[in-house]
Each structure stands twice: as C-alpha cells, then as structure tokens.
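Throughout, a chain's letter reflects where its sequence line sits, starting with A, and its residues are numbered from 1.
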There are 2 protein chains.
Amino acid sequence: MGAEDDLTQARKTQAQRTQAQRAQAQKTTSANGAPARRGRKPARAVEPDDADEMAEGSDLDLTGLTSVVGYTLRRAQMAVFEDFSARFATLDLTPAQYSVLLVIADNPGRKQSEIARVLGIQRTNFVVMLDQLEKRGLAERTRSATDARSHAVFLTKAGTALLNKARKLQSAQEEDFANLLGPGGRDTLVSLLRKVARID
Amino acid sequence: MGAEDDLTQARKTQAQRTQAQRAQAQKTTSANGAPARRGRKPARAVEPDDADEMAEGSDLDLTGLTSVVGYTLRRAQMAVFEDFSARFATLDLTPAQYSVLLVIADNPGRKQSEIARVLGIQRTNFVVMLDQLEKRGLAERTRSATDARSHAVFLTKAGTALLNKARKLQSAQEEDFANLLGPGGRDTLVSLLRKVARID
DNA sequence: AAATATTGTTATGATCCATATCAATTAAAC
DNA sequence: GTTTAATTGATATGGATCATAACAATATTT
C-alpha cells in the first residue's frame with residue numbers, strides 16, 4: 001500500500017518546477033498601455049430543454065475511452081513520467097536523459113547517431129541532448145580514430161556515478177510497479193508493451 | 001498476420017505530412033548574406049585502445065532499457081499514436097481530437113471545463129481545441145441557461161457523423177491489438193494500464 | 001455590498017519533435 | 001583517381017503540446 005502511494009503523489013515535475021521559478025522572477029510587466037480585447041466571445045443561446053443537459057454535479061461518462069488502448073497508454077505514460085520526474089528531481093535527470101546515460105553505459109564508444117537511433121531520437125535533436133550532458137560533465141565525445149566524421153560517446157566518471165544513483169531510484173520505481181500490479185503483472189505489462197512497440 | 005502488419009507500416013503521421021507540405025512551399029530563403037558559423041566543433045581525440053570501441057556494425061545493447069516500464073510505455077505510445085494518426089489521416093483527426101469528440105458525445109451539454117478536466121487537458125488549452133472543432137462544424141458551444149459563465153458543449157450532426165466513422169477505424173485498431181496480443185492480451189493490457197494510470 | 005471563486009479567454013514561454021540545410025569526411029561509381 | 005553520392009555531426013527553424021499568468025464576466029460566499 002505504501003508502495004502504491006508512491007506512484008500517485010502529485011508532486012510537481014522538473015519542468016513545472018523550473019518554469020514556476022522562472023515565472024516568479026519575471027512578473028509579466030505587460031508593457032502595453034492599451035488593454036487589448038479580452039473576455040469572452042458570445043456563444044449562441046440555447047433552450048434549457050435542448051438536450052439531457054446537466055445531470056447535476058455527477059461524474060462524467062468515460063466508458064467510451066477507458067477501454068481504448070491508445071488512450072489508456074497515454075494516461076499511463078503521463079502518470080509514470082510524472083512519477084519518474086518527481087523521483088529524479090534530486091538528480092536533475094529527465095526520463096530521456098536517463099535512457100541516454102543507460103544506453104551509453106551499456107554501449108561505450110558507439111557513435112552519436114547509433115545511440116540516438118536505438119532510442120528513437122532524431123540525430124539532430126540528440127546533438128543538443130548530448131551537449132547538455134557533456135556540459136554537466138556526465139558524458140563526453142571523442143573523435144573516432146577510424147572515422148573522422150563520427151564521435152565516439154562515453155560516460156565520464158561523474159556520469160557513471162550519477163547513473164548508478166539513478167539506477168537505484170529506477171529500481172525502486174519498478175518495485176512499486178510490481179507491488180501495484182501484483183506478482184507477474186509488471187512482467188506481463190512490459191511484455192505486452194514490447195509487442196505493441198515492436199521492440200526486439 | 002495481416003492485422004499485425006497494420007500496426008507497423010511506417011506511414012507518415014498527420015503532423016509530419018502537413019509539415020512537409022508547408023516546407024516545400026517555403027524553400028528557406030536564408031536572407032542573410034553572412035554564412036553563419038556552421039560545421040563541427042572539435043572533439044578531444046582518443047587512443048583507439050581507449051575502450052572496447054566498435055564491436056563492428058553489430059547491434060547495440062538495449063537490455064538495460066527493454067524491461068523498464070517507463071521506457072516500454074513511451075515506445076509503445078509512440079508506435080500506437082503513429083498508427084492511429086495514419087488511420088485517422090483521411091478524417092483529419094488527431095488522437096486528442098478523437099478523445100474530445102467521444103467524451104462530448106457521451107456527455108452532451110457538459111461544461112467546457114468538465115470535458116477538459118476528465119481528459120486531463122488544461123482548461124486554457126482546451127479553448128483552442130474546441131475552437132478548431134467548432135470552426136470545422138463538428139462541435140458547438142451554447143450559453144448555459146443556468147450559469148451565464150459556462151458554455152455547454154455539444155456535437156453537431158456533422159460531428160456525430162464524423163465520430164461514427166472514426167469509431168469504426170478505432171474498432172479496427174483495437175481488433176488489430178487483439179490479434180497482435182493474443183486472446184485476452186489486449187484486455188489484460190488495458191487493465192494493467194488503467195491501474196498504472198489510476199483511471200477509475 | 002464586498003470579497004472571493006469559477007469559467008472562458010488571451011497571451012506567452014518552455015519543451016519536444018521534425019525538417020531543411022550545411023561542412024567535413026568517407027565510400028561508391030565511373 | 002577524380003567525380004558523385006552517402007554519412008555524420010551540427011545549426012536553424014517551425015509546429016505541436018503543455019503550463020502559467022492575467023483578465024473579464026459572472027456566480028457564490030461572507
């Protein structure tokens with residue numbers, strides 16, 4: 001039960017937090033004297049008996065969506081990533097960054113483009129990701145001795161150390177999944193997801 | 001077998017297609033005479049024996065990630081959404097738009113904010129989504145008779161008609177999932193995802 | 001009546017993702 | 001062996017999604 005709660009706690013994600021910090025340091029000095037057109041556009045009126053309007057404060061009907069794979073996938077992913085971000089906030093690692101560190105650790109010296117490709121990240125977007133990791137001293141690029149075009153990517157000592165801390169947090173999350181989904185449930189989920197994603 | 005293939009076919013998503021169209025109509029007239037600094041930054045060189053570099057053209061090791069719930073979730077979601085977008089391209093409906101139409105259909109006359117909330121969409125972002133649906137004549141806002149602040153939301157005839165077409169496409173996708181995941185596999189997946197997402 | 005909350009709205013900024021384009025280099029074609 | 005094509009990393013840019021601040025109209029609470 002305690003383990004299950006860890007997956008719900010609606011803690012703020014990293015992104016939300018940094019954005020909130022930025023916001024308070026800004027205060028939005030609108031700088032425009034003219035109070036631009038705000039408020040609402042008129043909407044067509046309707047007779048109260050137009051339909052079965054307002055059952056009262058009751059809950060909405062979601063039955064049309066709750067058995068749709070795509071929808072439940074999306075909601076699950078949002079929940080899991082929020083949980084992940086909260087756990088990894090102290091390490092300042094996003095889910096994507098964690099996956100990059102992990103793949104580099106398991107495949108030291110591979111080309112940038114290879115790492116990006118297996119992760120489904122565009123070569124071009126991966127450049128910036130690696131820039132950030134390198135700037136933080138977690139990863140490094142080295143010129144390949146065999147191909148002057150490519151960069152071989154490695155983790156630094158600091159990168160390996162951080163990854164090891166991250167692995168522990170990640171294991172805890174997997175354990176919580178196992179507790180939440182029952183024995184075998186987690187494994188079944190991963191197996192089904194792999195089929196859907198067509199991984200390996 | 002045929003059904004499984006439908007989930008893989010790497011057709012372009014709606015977003016990709018519209019972006020490609022826009023791009024070809026633009027041609028990037030750089031407008032700047034000075035050829036801004038391009039090319040690569042130098043990366044530190046490395047001795048070839050620095051590590052177990054380049055096993056050859058072999059595949060990378062992904063074992064560290066493929067049993068992680070968060071990662072498999074993300075990959076599955078990307079695959080499913082791509083498939084969805086391809087199927088719905090003829091209707092010009094995104095997954096998010098489909099979910100909105102579905103919820104409105106099952107809950108006619110509810111407030112904008114209620115529809116948005118159950119879908120996990122910010123009130124503020126939902127405004128634009130509804131604007132688009134309304135502009136296309138699929139949904140409409142009407143002033144609530146009981147609360148002049150709120151707008152009651154309905155589907156139009158056209159919206160209902162389009163939704164019905166969409167439902168058929170969606171059913172086909174679910175069938176393909178059932179075929180891909182084996183008997184009961186799809187239901188198990190949805191059940192596990194609901195637990196993870198904490199829906200109902 | 002005044003203070004507070006809700007609802008829809010606009011504006012804005014952040015992040016993510018995809019594409020076009022480029023320079024350097026390597027591989028392939030001729 | 002020179003020309004052509006492909007690969008690799010990089011920059012710039014635009015689209016889509018998402019979160020927040022601020023605001024007007026209205027409703028609710030005090």
Side-chain angles (χ1 to χ4, degrees), chain A residues 12-24 26-32 35-43 74 78 81-82 85 94-96 110-117 120-132 141 143-144 146-153, chain B residues 12-32 35-43 74 78 81-82 85 94-97 110-117 120-132 141 143-144 146-153:
Chain A
K12 278 182 170 297
T13 68
Q14 265 181 281
Q16 287 172 326
R17 214 177 289 108
T18 53
Q19 219 169 316
Q21 288 168 346
R22 241 179 278 272
Q24 87 177 16
Q26 193 186 355
K27 269 308 170 193
T28 320
T29 56
S30 97
N32 183 6
R37 173 75 186 92
R38 290 256 168 129
R40 66 180 49 165
K41 278 177 298 193
R74 186 181 108 93
M78 291 186 61
F81 269 51
E82 208 167 302
S85 297
T94 66
R110 302 303 290 252
K111 296 191 275 192
Q112 271 187 226
S113 51
E114 289 178 316
I115 306 285
R117 183 173 41 76
I121 303 174
Q122 298 290 125
R123 205 164 87 257
T124 169
N125 293 324
F126 189 66
V127 172
V128 180
M129 291 195 63
L130 242 194
D131 282 348
Q132 293 168 350
R141 296 178 237 229
R143 280 207 317 271
S144 164
T146 61
D147 186 337
R149 290 172 300 181
S150 64
H151 289 168
V153 182
Chain B
K12 279 183 170 295
T13 69
Q14 264 181 284
Q16 287 172 325
R17 214 177 290 109
T18 54
Q19 219 169 315
Q21 289 169 347
R22 240 179 278 271
Q24 86 176 18
Q26 193 186 356
K27 271 307 170 192
T28 321
T29 56
S30 97
N32 184 5
R37 174 74 185 92
R38 290 252 168 131
R40 67 181 47 165
K41 279 177 298 194
R74 185 180 108 92
M78 290 185 62
F81 268 52
E82 208 168 302
S85 297
T94 66
Q97 287 174 327
R110 303 301 293 248
K111 297 191 278 192
Q112 272 186 224
S113 51
E114 290 178 315
I115 306 286
R117 183 172 40 77
I121 303 173
Q122 298 289 127
R123 202 163 90 258
T124 168
N125 292 325
F126 189 66
V127 172
V128 180
M129 292 196 62
L130 242 194
D131 282 349
Q132 293 169 349
R141 297 179 240 227
R143 278 206 318 271
S144 164
T146 61
D147 187 339
R149 290 171 300 182
S150 63
H151 289 169
V153 182

Visitor: Measure from the side chain of B:Val127, starting at C-beta and using heavy atoms only, and say which of C:dT7, D:dT8, C:dT10 lies closest.
Guide: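 Minimum distance to the B:Val127 side chain belongs to C:dT10.
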Visitor: Within the structure provided, determine whether B:Glu82 and B:Met78 are in side-chain contact (heavy-atom separation under 4.5 Å).
Guide: no
Visitor: Can you tell me how far C1' of D:dA16 sits from CZ of B:Phe81, to the nearest Å?
Guide: 13 Å
Visitor: B:Asp147 CG to D:dT29 P: how many Å, rounded?
Guide: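 The distance from CG of B:Asp147 to P of D:dT29 comes to 12 Å, rounded to the nearest Å.
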Visitor: Over all heavy atoms of both residues, which pair between A:Asp147 and A:Ser144 is shortest? Give the atoms and the distance, please.
Guide: N-OG, 3.2 Å
Visitor: Can you check whether B:Gln122 has a side-chain N or O nearer than 4.0 Å to OP1 or OP2 of D:dC18?
Guide: no
Visitor: Can you tell me the distance, in whole Å, between the CD atom of A:Gln132 and the P atom of D:dA10?
Guide: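 Those two atoms, CD and P, are 13 Å apart.
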Visitor: Check the distance between C:dT10's P and B:Arg123's CZ and give it to me in whole angstrom.
Guide: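 Going from B:Arg123 (CZ) to C:dT10 (P), I get 13 Å.
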Visitor: Do A:Met129 and A:Ile121 touch side chain to side chain, with heavy atoms closer than 4.5 Å?
Guide: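 A:Met129 reaches A:Ile121 side chain to side chain.
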Visitor: Tell me, do A:Leu130 and A:Gln112 make a side-chain contact under 4.5 Å, heavy atoms counted?
Guide: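 In contact.
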Visitor: Has the side chain of B:Arg149 got a donor or acceptor that lies under 3.5 Å from a partner of the other kind on the base of C:dG8?
Guide: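 In this structure, the two groups form no donor-acceptor pair.
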Visitor: Report yes if some heavy atom in the side chain of B:Lys111 is under 4.5 Å from a heavy atom in the side chain of B:Arg149; otherwise report no.
Guide: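 No; the side chains remain at least 4.5 Å from each other.
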Visitor: Let me know, please, whether A:Ser113 or A:Met78 comes out on the 5' side of the other along DNA chain D by nearest nucleotide.
Guide: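 Going by which nucleotide is closer to the 5' end, it is A:Ser113.
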Visitor: Atom CZ of A:Arg117 and atom C1' of D:dT8: how far apart are they, to the nearest Å?
Guide: 13 Å
Visitor: Would you mind telling me which of C:dT9, D:dT8, C:dT7 lies closest to the side-chain atoms of B:Lys111?
Guide: C:dT7
Visitor: Minimum heavy-atom separation for B:Ser113 to B:Arg123, with atom names?
Guide: CB-CD, 3.9 Å
Visitor: Between C:dC17, C:dT10, D:dT26, spot the one nearest the side chain of B:Arg74, thanks.
Guide: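 Closest nucleotide among those given: C:dC17.
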Visitor: Using atom NE2 of B:His151 as one end and atom C1' of D:dT26 as the other, report the distance to the nearest whole Å.
Guide: 11 Å
Visitor: Which angle, to the nearest 10 degrees, lies between the helix axes at the two ends of the helix from C:dA1-D:dT30 to C:dC30-D:dG1, each defined by five pairs?
Guide: 20°
Visitor: Once side chain to side chain donor-acceptor pair (under 3.5 Å) is applied, do any residues pair with A:Asn125, and if so which ones, sequence neighbours excluded?
Guide: none
Visitor: Got B:Arg117 and B:Phe126 here, is their nearest side-chain heavy-atom distance under 4.5 Å?
Guide: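 A side-chain contact is absent here, since even the closest heavy-atom pair is not under 4.5 Å.
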Visitor: Would you indicate which nucleotide in D:dA21, C:dT7, D:dG9 comes nearest to any side-chain atom of B:Thr124?
Guide: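 Closest nucleotide to the B:Thr124 side chain: D:dA21.
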Visitor: Closer to the 5' end of DNA chain D via nearest nucleotide, is it A:Val128 or B:Ile121?
Guide: A:Val128
Visitor: Within this structure, what is the CD-to-P distance between B:Glu82 and D:dA16, rounded to whole angstrom?
Guide: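 Going from CD in B:Glu82 over to P in D:dA16 covers 16 Å.
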Visitor: Students often get this wrong, so: under 4.0 angstrom with heavy atoms, is A:Asn125 touching a base, only sugar-phosphate, or nothing?
Guide: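 The residue A:Asn125 makes base contact.
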Visitor: Round to the nearest Å and state the distance from A:Asp131 atom CG to D:dA10 atom C1'.
Guide: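 Distance, rounded to whole Å: 9 Å.
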Visitor: Please classify the nucleic acid contact of B:Gln112 as base, sugar-phosphate, or nothing, using heavy-atom distances under 4.0 Å.
Guide: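 Sugar-phosphate contact only - B:Gln112 comes under 4.0 Å of backbone atoms but never of a base.
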